[in-house]
Amino acid sequence: LAAGAAVARRMRAAVTEQTGYPCSAGISHNKILAKLGSGMHKPDQQTILPRRAADALLVDLDVSRLRGLGGPKTGGVLKDVF
């Protein structure tokens, strides 16, 4: 995760330098957790979400925040189950 954080830091700096707009990044072991992390600390910050922190984050998270799972069909079923 440390290497990913270093890459994300350089990429964010390049985006800001070239566009003038800040951006945020999430770094984790999978795409869903990285996407959640990128939205946690905005603007112009990055969040590293290690595996050991995933359970604590997900336990109270509304299923609609999970990309691909929060739509009307699947999201409704998951909300009923969980």
Side-chain angles (χ1 to χ4, degrees):
L1 292 181
V7 170
R9 189 177 313 108
R10 288 194 304 269
M11 289 176 62
R12 289 177 41 249
V15 168
T16 301
E17 182 180 320
Q18 292 178 20
T19 67
Y21 293 106
C23 63
S24 299
I27 301 96
S28 193
H29 292 281
N30 68 54
K31 185 177 177 179
I32 291 174
L33 293 176
K35 179 72 176 158
L36 283 172
S38 72
M40 291 176 70
H41 298 108
K42 289 186 175 264
D44 199 27
Q45 295 185 40
Q46 64 188 44
T47 303
I48 299 171
L49 189 60
R51 283 187 180 120
R52 66 180 180 274
D55 287 346
L57 174 68
L58 295 173
V59 72
D60 292 323
L61 189 72
D62 189 320
V63 71
S64 66
R65 297 270 319 269
L66 297 174
R67 185 180 179 109
L69 294 178
K73 197 174 208 177
T74 306
V77 171
L78 288 174
K79 282 183 181 183
D80 291 342
V81 172
F82 298 104

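Predicted model, so just to flag it, every value in this text is computed and none were measured. Heavy atoms only: backbone and side chains are in, while hydrogens, waters and symmetry mates are out.
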### Query
Any idea which heavy atoms bring Ser24 and Ser38 closest together, and the distance?
CB-O, 3.5 Å
## Note on the structure
All heavy atoms of Leu33 vs all of Ala54, minimum pair found to be CD1-CB, 3.9 Å
### Query
Which atoms form the tightest heavy-atom contact between Pro50 and Leu1, and what is the distance?
CA-CD1, 3.7 Å
## Note on the structure
Contacts satisfying salt bridge (Lys or Arg N to Asp or Glu O under 4.0 Å) that involve residues 15-24 (not counting sequence neighbours) are none
### Task
List for me each residue that meets side chain to side chain contact (heavy atoms under 4.5 Å, CB included) alongside Ala34, sequence neighbours excluded, and say none if there are none.
Ser28
## Note on the structure
Taking every heavy atom of Thr16 against every heavy atom of Cys23, the minimum-distance pair comes out as OG1-N, 4.3 Å
### Query
What residues form a side chain to side chain contact (heavy atoms under 4.5 Å, CB included) with Leu57, not counting sequence neighbours?
Leu36, Met40, Leu49
### Message
Please give me the minimum heavy-atom distance between Arg12 and Gln46, naming the atom from each residue.
### Response
NH1-OE1, 2.9 Å
### Message
Could you list the cluster mates of Met11? Members are the ILVMFWY residues connected by side-chain heavy atoms closer than 4.5 Å, either directly or through other members.
### Response
Val7
### Residues that His41 engages under side-chain hydrogen bond (donor to acceptor under 3.5 Å, both in side chains), provided they are two or more places apart
Thr47
### Summary
Residues pairing under salt bridge (Lys or Arg N to Asp or Glu O under 4.0 Å) where one sits in residues 47-58, two or more places apart or in two chains, turn out to be none
